[in-house]
Enquirer: 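I am attaching a structure below and will ask some questions about it afterwards.
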Amino acid sequence: MHHPLPTSSDSPGSVLSPNLDLNAEQRAAVEHPGGPLLVIAGAGSGKTRVLTARVARLLERGVGPEGVLAFTFTNRAAREMRERIAGMVGGEAARALWVGTFHATGVRILRREAARLGIPRDFAIYDREDQETLVRAAIRRLGLREDAFKPAAVIARISDAKNALVSPEAFAHAAVSPHERTLAELYALVQAELRSNGALDFDDLIAEVVSMFRAHPEVAERYGRRFEHVLVDEYQDTNHAQFRLVEALAAVHRNLFVVGDDDQSIYGWRGADLSNVLDFERAFPGAQVLRLEQNYRSTGAILDAANAVIAHNRSRKGKTLWSERERGAPLRFVLAADEGEEARRVRRVLEERRRGGGRYDECAVLYRTNAQSRALETELRLAGIPYEIVGGVAFYQRREVKDLLAYLRLIVNPADRVAFWRVWNTPRRGLGDGVRARVEERAAAGGVEPAAALAALAREGALPGAAAAGARDLLGLIEELAARREGPLDELLRHLLRRSGYLEHLDGDEASAADRRANVEELLAAVAGYAAAGRGGLTEFLAETALVTDVDRIEEDADRVLLLTAHNAKGLEFPLVVVAGLEEGLFPHATSGADDAGLEEERRLFYVALTRARDQVVLTAAAYRRRFTPGGAVAGGARVSRFVDEIPAALLEREAAATGGGGSRERGGGGRRRGGAAALATVPRAAAHRAVGRTVFHDQFGRGVVQDVEGAGDDLKFTVRFAAGIKKVMGRFLDGGADDDPA
DNA sequence: TGCGTTGACCCTGGA
DNA sequence: GGTCAACGCA
């Protein structure tokens, strides 16, 4: 592993000057002498470059790499930043830097200080699902009705509290209603339960560091002295706890370098606090502010459109991006009849790009909700266009992956009861609720872990035959795994697979066995790769699985289209961006855009989506979309999103709803808003009738051709001619056909 | 007592 | 369509 140092003969004085031609503002940021600095960096203004160059410059000035701490928004961004810095100053220095997300950095600090905090060094990190298990148990224990205290809502309230650094005690103190008092009880219960499981949730990873810094100022000071320079990317999406953490770390030297864009703040719903940006100068007196407004990414047309849209927001610092790039093509808007047609139109856009010499990996399809990926996925699969869905259920959250990881968690941390109960009868080994109740009782009485309680019951011969055998099986497996804990990770996992019969267990579900087996294979590959890279042991691997996201796992150099939410697209860029589902109620989303603040956040999200594009933007909407709302499936027609109308007509080329052909294009003129909305009202029925003659797919019957349609809305019935004969099927059991193109 | 089946509820976004 | 708790069967 030898990294040749970059030759510096052609760059007297600085490793930065030759490769990075920075503009005046960028250079001012990079050369900032010290003290608090806020860099307002517009989309595509080269902020990653500035951050990277800043770190390299600090090292060049003689700051030791161990004295630099940089927070990024994703693990991916951390990795990229480290790689770039390695390219400038060498791999050794780059490895010594602390670059990571708030959560990853929190884990790093908490592991070092675990003893002081009274938590195990190998603490587990509970994700949303694990957390939900605890919350459900707490709700049951308090004898509450789940309809009054929905787990998701309880989790959200607890999360909000932690992000605001409100302890269970403070929560109880502030509670005014009986409902609030019960929430406080739940919060306290869940928190106690987390600790007794030796676990922290995501929010704890930050909040616990802050409270430790408060309880032990000398520890805070130690970290403050160590990190002479603290840098924060995507500062607009930091929450209160993160602000306090940064504040504490920067207290000693005040060398705080933050980069953010108030127009790209899109995580208000999870506690991001824009006032961290807006009040920066008040929080850090003497702070300097620099603005990066030159965009190097998008064409003039895309930038003008984005500027026009975001100008509708009232609460913003206000800036206008400009670019030296060419004007480029206008944005395109496609109104499709339904989501199936929308998907087909998207497919054609992608094929067009391909025919024009483009690659699929230059394209991304963005949407507001993960549920929208389904129709697109179906269409792209049928058309043979390679794609990758980023988000939805992340890899390490998949059931089979989490099952296997739960076994590994259990070895590292036997107190992890969520992990224990997850695996104790998976695969089936004859252990059921009856035995579980007795194990729990025994564990509670003896103050021991469930595995120990089960072992005691088995030893005493207190279990019926089948359960006794199952208990022996489980306990033996756990023991064998524990004995291999220090060995290579991939061997550990292989042993688990061999010994548990997990793969055979997967085969029980014919429909999903192949996919799930493939995921297990992928897990094996990931484990082997981790072990080979020597990046840490089991504890570190498990932490990584908890914190890694789908975005982090996007591969370079794979020629496929990316399908992802606008949230997940933050920080990425593509030559071609399709934004799908531009309908009122969907984007802006009904539950988010209800008030002004919510609507403005939706608009920022749309702004983020537009500014991901370098050369080409295509916007699509479906006049009629089947959507699920609380209360059941409903079929809904909608109006085109107001955001589309906020794009100046001269920048937008509208294509009429296609009736099968390529769709005629018209150049945007006046009065578009009403034209678009009026067309929508009539489309639902037309869309249904147009289904006649279309090829559709049914899970059981396969490919068929629609003969007739009856009913309406959710009760739409189709008469379809399949190979197996003519059947009447409910619309919801059909997937739309691909070949609407007249041959 | 364990297990297979059935029917409610479901889908904003995500570390 | 997917998941999970509740139900009733073996």
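To find a chain, count down the sequence lines: A is the first, B the second, and so on, and within it residues start at 1. No experiment lies behind these values; they were computed from the predicted model shown. Basis for what follows: all heavy atoms, side chains included, without hydrogens, waters or symmetry-related copies.
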Enquirer: Around atom CD of A:E441, are there more than 12 heavy atoms from other residues, nucleotides or ligands closer than 6.0 Å?
Expert: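 Incorrect, the count does not exceed 12.
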
Enquirer: Taking the side chain as every heavy atom from C-beta outward, state whether A:K162 and A:F202 have any atom pair closer than 4.5 Å.
Expert: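 In short, these two side chains do not touch, never coming nearer than 4.5 Å.
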
Enquirer: What pairs of nitrogen or oxygen atoms, one from the protein and one from nucleotides 2-6 of chain B, lie under 3.5 Å apart?
Expert:
| from | atom 1 | to | atom 2 | distance (Å) |
| --- | --- | --- | --- | --- |
| B:dG2 | OP1 | A:G432 | N | 2.9 |
| B:dG2 | OP2 | A:D433 | N | 3.1 |
| B:dG2 | OP2 | A:G434 | N | 2.9 |
| B:dC3 | OP2 | A:N425 | ND2 | 3.4 |
| B:dG4 | OP2 | A:R428 | NH1 | 3.1 |

Enquirer: Per the salt bridge (charged side-chain N to carboxylate O under 4.0 Å, His left out) rule, which among A:R625, A:R639, A:R368 passes with A:E583?
Expert: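 The passing option is A:R625.
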
Enquirer: My understanding is that only residues two or more places apart in sequence, or in another chain, count here; which of them pass salt bridge (Lys or Arg N to Asp or Glu O under 4.0 Å) with A:R270?
Expert: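 Salt bridge (Lys or Arg N to Asp or Glu O under 4.0 Å) list for A:R270, sorted by chain: empty.
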
Enquirer: How close or far is atom P of B:dC9 from atom CZ of A:R136, stated in whole angstroms?
Expert: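 Atom CZ in A:R136 sits about 13 Å away from atom P in B:dC9.
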
Enquirer: Check the side chains of A:D261 and A:Q236 for a donor-acceptor pair under 3.5 angstrom, ignoring hydrogens and angles.
Expert: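 Distance-only check fails for A:Q236 and A:D261.
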
Enquirer: Nucleotides 13-15 of chain B: which of its N/O atoms have a protein N/O under 3.5 Å away?
Expert:
| from | atom 1 | to | atom 2 | distance (Å) |
| --- | --- | --- | --- | --- |
| B:dG13 | OP1 | A:N370 | N | 2.5 |
| B:dG13 | OP1 | A:N370 | ND2 | 3.2 |
| B:dG13 | O4' | A:R368 | NH1 | 3.4 |
| B:dG13 | N2 | A:W269 | NE1 | 3.3 |
| B:dG13 | N3 | A:W269 | NE1 | 3.0 |
| B:dG14 | OP1 | A:T565 | OG1 | 3.0 |
| B:dG14 | OP1 | A:N568 | ND2 | 2.8 |
| B:dG14 | OP2 | A:N370 | ND2 | 3.0 |
| B:dA15 | O3' | A:H103 | ND1 | 3.2 |

Enquirer: To the nearest Å, give me how far apart CD (A:E583) and P (B:dT12) are.
Expert: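 Computing the A:E583:CD to B:dT12:P distance gives 16 Å.
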
Enquirer: Go through the steps for A:E129 and A:R422 under the test salt bridge (Lys or Arg N to Asp or Glu O under 4.0 Å), then give the verdict.
Expert: CA-CA 11 Å; A:E129 191 190 8; A:R422 183 176 185 108; 3.2 Å; yes

Enquirer: Shortest non-hydrogen contact from A:I266 to A:V608?
Expert: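 Nearest heavy atoms, A:I266 then A:V608: CG2-CG2, 4.1 Å.
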
Enquirer: Does any non-hydrogen side-chain atom of A:L431 lie less than 4.5 Å from one of A:R436?
Expert: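 Side-chain contact under 4.5 Å: no.
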
